[in-house]
**Student:** 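Structure provided below as structure tokens; questions to follow.
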Number of protein chains: 2
Amino acid sequence: MKSAKTKYVILGLLSESALSGYEIKRIIDIRFHFFWNESYGQIYPELKSLTKSGLIQSMPCEGAVQGKVKHALTESGRSVLMEWLAEPVEKESVRFELLLKMYFSKELEAGIMIRHLTDFSDSHRRQLDILEQFQRELAIIGDPAGNHKDILQVISFGEKVYRAYLDWSAEAVAYLKGREKT
Amino acid sequence: MKSAKTKYVILGLLSESALSGYEIKRIIDIRFHFFWNESYGQIYPELKSLTKSGLIQSMPCEGAVQGKVKHALTESGRSVLMEWLAEPVEKESVRFELLLKMYFSKELEAGIMIRHLTDFSDSHRRQLDILEQFQRELAIIGDPAGNHKDILQVISFGEKVYRAYLDWSAEAVAYLKGREKT
DNA sequence: GGGACCATGTAAATAGTTACATGATTAA
DNA sequence: TTAATCATGTAACTATTTACATGGTCCC
């Protein structure tokens, strides 16, 4: 874990527009759902440290409703972001408890494993629907910043991978049903 | 992170045969490479704690070469494993730095992003080859324990997902090459 | 006035990696 | 004899989650 990425996710999001910590969290939860996650416990301390090192600038929100703070990227923040973008990508990290269970399931009742698989399948079917809806929305609204295509490319990854999940889980269920009968 | 899974991976592997810590690590690195990982810093302390709580039994290796220790599952270990197998699966965790970079790459030179994508593609192509080779090996050797089919089912997941990665990265490279030319 | 959601934050615990120390065995 | 690999382990560090505290706003 050479370096935490929280820093760069924040920098990246702020490169498009000034945001509050809460908004950053929401965007990650919704838009990055299928390939990233961060918790408040990482975001807020990181925002503080980025402000201290001058990579972002933080000012109370204009409407000044409550303690709400907007954070904006500084020039040095932008150059740190660009440097990171150019660096080689570290290997993705992936952990599927489901596959562990599948691997060890020899003595497990097939019905239980089938249940795990259908839960998996259902939840990814829902995620796929959300992705497709987001895709349609992007197509409808205009593209003033001209970055829809990059975003669509990222969504396309989610679609392809989720379809692979669904394809696999159908296959695995079929296999287990066969095993069950014998 | 309700509970660490290291415990169950170990229990699962020991349910098939007695193993040393080193062997456990190797199996995870090789066979589970595409969906799991553990470090020695997790494995050895966990082996100690599992021994203390009686879920596994540890005895010096027969050949008694050096400090080598074999660990075997106990009856209570087996029942803890079976309980865990039946419990609902927690959501997988997945983190793709590549997609983060893709998402923020609007102002990045296309060539750099293409390089990231080809690195990604190359490494997963190699992984896919390894998976396919392992699959062929399983087909050749016999299946005394009768668990090859479950293992093949898990490998099939890796294949489908890796193919989706390769498919996507080709598409993404094509898109970026188009963007580059304009 | 209550529930949903907006909003910021921290402390403690847990999880996980990395770097190191140590030494045996095997094969070139 | 040297390099690779087998083998066990720990300490320090880093990353991440979880649970909590606090209070505002919006709408029914």
Side-chain angles (χ1 to χ4, degrees), chain A residues 1-10 13-14 18-30 32-33 35-52 56 58-71 84 90-97 100, chain B residues 1-10 13-14 18-30 32-33 35-52 56 58-71 84 90-97 100:
Chain A
M1 202 157 297
K2 206 158 287 168
S3 65
K5 311 280 165 24
T6 312
K7 177 178 167 179
Y8 301 108
V9 191
I10 293 175
L13 288 174
L14 297 184
L19 297 167
S20 68
Y22 189 81
E23 287 167 328
I24 289 169
K25 168 71 170 150
R26 280 195 89 243
I27 292 175
I28 294 169
D29 282 352
I30 295 169
F32 294 178
H33 181 260
F35 68 90
W36 206 264
N37 69 292
E38 297 287 349
S39 61
Y40 287 124
Q42 289 165 273
I43 292 170
Y44 283 110
E46 191 61 51
L47 282 170
K48 228 172 220 183
S49 121
L50 287 171
T51 305
K52 202 155 59 184
I56 64 173
S58 311
M59 55 281 212
C61 211
E62 304 160 40
V65 215
Q66 55 201 139
K68 191 173 174 178
V69 179
K70 281 264 178 189
H71 306 273
W84 170 74
E90 280 177 46
K91 206 197 163 308
E92 72 271 7
S93 85
V94 164
R95 277 186 150 200
F96 280 84
E97 194 191 343
L100 237 32
Chain B
M1 202 159 296
K2 207 158 288 170
S3 65
K5 313 280 163 27
T6 311
K7 177 176 168 181
Y8 301 108
V9 190
I10 294 175
L13 287 174
L14 297 183
L19 298 167
S20 68
Y22 189 80
E23 288 167 327
I24 289 169
K25 167 72 171 149
R26 280 194 90 245
I27 293 175
I28 294 169
D29 282 354
I30 295 170
F32 294 177
H33 181 260
F35 69 90
W36 206 263
N37 70 292
E38 296 288 349
S39 61
Y40 287 124
Q42 289 165 271
I43 292 170
Y44 284 110
E46 191 60 50
L47 282 170
K48 226 171 222 186
S49 122
L50 286 170
T51 305
K52 203 157 56 182
I56 65 174
S58 309
M59 54 280 212
C61 211
E62 302 160 42
V65 217
Q66 55 200 139
K68 192 173 171 177
V69 179
K70 282 263 180 191
H71 306 272
W84 171 73
E90 280 176 45
K91 205 199 165 303
E92 71 271 8
S93 88
V94 164
R95 276 184 152 200
F96 281 84
E97 194 191 344
L100 236 32

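Values reported hereafter were calculated over all heavy atoms of this structure, with side chains retained and with hydrogens, waters and symmetry mates removed.
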**Student:** To the nearest angstrom, how far is Ile43(B) atom CD1 from dA7(D) atom P?
**Tutor:**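 These atoms are roughly 14 Å apart.
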**Student:** By nearest heavy atom, map Ser39(A) and His71(B) onto DNA chain D; which one lands nearer the 5' end?
**Tutor:** His71(B)
**Student:** Could you check which of dG16(C), dG9(C), dT8(D) has an atom nearest any side-chain atom of Thr6(B)?
**Tutor:**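 Of all the options, the side chain of Thr6(B) is nearest to dG16(C).
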**Student:** Side-chain N or O of Lys5(B) versus OP1/OP2 of dG16(C): is the shortest distance under 4.0 Å?
**Tutor:**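 Looking at the OP1 and OP2 atoms of dG16(C), neither is under 4.0 Å from any side-chain N or O of Lys5(B).
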**Student:** What is the distance from atom CG of Leu50(A) to atom CD1 of Ile56(A), rounded to the nearest 0.5 Å?
**Tutor:** 4.5 Å
**Student:** Just the rounded figure in Å: distance from P of dA7(C) to CE of Met59(A).
**Tutor:**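 Distance check: Met59(A) CE to dA7(C) P gives 16 Å.
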**Student:** For Asp29(A) and dC6(C), give me the distance from atom CG to atom P, rounded to whole Å.
**Tutor:**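 Going from CG in Asp29(A) over to P in dC6(C) covers 11 Å.
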**Student:** By nearest atom, which of the nucleotides dT8(D), dA7(C), dT10(D) is closest to the Pro45(B) side chain?
**Tutor:**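 For the Pro45(B) side chain, the nearest candidate turns out to be dT10(D).
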**Student:** May I ask you to verify if any side-chain N or O of Asn37(A) is less than 4.0 angstrom from the OP1 or OP2 atom of dT16(D)?
**Tutor:** no
**Student:** Minimum heavy-atom separation for Pro45(B) and Gly41(B), please, with both atom names.
**Tutor:** CG-O, 3.3 Å
**Student:** Specify the separation, in whole Å, of atom CD of Glu97(A) and atom C1' of dA15(C).
**Tutor:**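 Glu97(A) atom CD is separated from dA15(C) atom C1' by 15 Å.
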**Student:** Knowing that exactly one of Glu90(B), Glu92(B), Glu38(B) qualifies, which makes a side chain to side chain donor-acceptor pair (under 3.5 Å) with Arg95(A)?
**Tutor:** Glu38(B)
**Student:** Whether Gln42(B) contacts dA15(C) is assessed here as follows: a side-chain N or O lying under 4.0 Å from the phosphate OP1 or OP2. Is that the case?
**Tutor:** no
**Student:** Any side-chain N or O of Tyr40(B) under 4.0 Å from OP1/OP2 of dG9(D)?
**Tutor:** no
**Student:** Give a yes/no verdict on a cation-pi contact between Lys25(B) and Tyr40(B), requiring under 6.0 Å between NZ or CZ and the six-membered ring centre and an angle within 45° of the axis.
**Tutor:**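 Here Lys25(B) passes the 6.0 Å and 45° test against Tyr40(B).
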**Student:** Report yes if at least one side-chain N or O of Lys48(B) is closer than 4.0 Å to OP1 or OP2 of dT10(D); otherwise report no.
**Tutor:** yes
**Student:** Heavy atoms only: give me the nearest Ile43(B)-Ile10(B) pair and the separation to one decimal.
**Tutor:** O-CD1, 4.0 Å
**Student:** Among dA7(D), dT8(C), dT17(D), which nucleotide has an atom closest to any side-chain atom of Lys68(B)?
**Tutor:**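 Among dA7(D), dT8(C), dT17(D), the one nearest the side chain of Lys68(B) is dA7(D).
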**Student:** Which pair of heavy atoms, one from Trp36(A) and one from Val9(A), lies closest together, and at what distance?
**Tutor:** NE1-CG2, 3.6 Å
**Student:** Please give, in whole Å, the distance from dT14(D) P to Glu38(A) CD?
**Tutor:** 17 Å
**Student:** Which nucleotide in the set dC6(D), dT16(D), dT8(C) lies at the smallest distance from any side-chain heavy atom of Tyr22(B)?
**Tutor:**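 So the side chain of Tyr22(B) is nearest to dC6(D).
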**Student:** Hey, what bend do you get for the helix from dG1(C)-dC28(D) to dA28(C)-dT1(D) if you fit axes on five pairs at each end, rounded to 10°?
**Tutor:** 30°
**Student:** NZ of Lys70(A) versus C1' of dA7(C): gap in Å, rounded?
**Tutor:**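 Distance, rounded to whole Å: 12 Å.
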**Student:** Can you find a side chain N or O atom of Ser20(A) that sits less than 4.0 Å from OP1 or OP2 on dC6(C)?
**Tutor:**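 Answer is no, no contact under 4.0 Å.
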**Student:** Which heavy-atom pair separates Asn37(B) from Ile28(B) by the least distance, and what is that distance?
**Tutor:**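 Closest approach of Asn37(B) to Ile28(B): CA-CG2, 3.9 Å.
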**Student:** Contact class for Gly21(A) (heavy atom, under 4.0 Å): base, sugar-phosphate, or nothing?
**Tutor:**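 Since only primed, P, OP1 and OP2 atoms lie under 4.0 Å of Gly21(A), the category is sugar-phosphate.
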**Student:** From the options dT8(C), dT10(D), dT16(D), select the nucleotide whose nearest atom is closest to the side chain of Arg95(B).
**Tutor:**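 Shortest atom-to-atom distance from the side chain points to dT16(D).
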**Student:** Can you check the Glu46(B) CD to dT17(C) C1' distance for me, whole Å?
**Tutor:** 16 Å
**Student:** Just how far, in rounded Å, is C1' of dA12(C) from OH of Tyr44(A)?
**Tutor:**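 To the nearest whole Å, that distance equals 20 Å.
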**Student:** State, to 0.1 Å, how close His71(B) and Ser58(B) come at their nearest heavy-atom pair, and which atoms those are.
**Tutor:**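 Result for this residue pair: ND1-OG, 2.7 Å.
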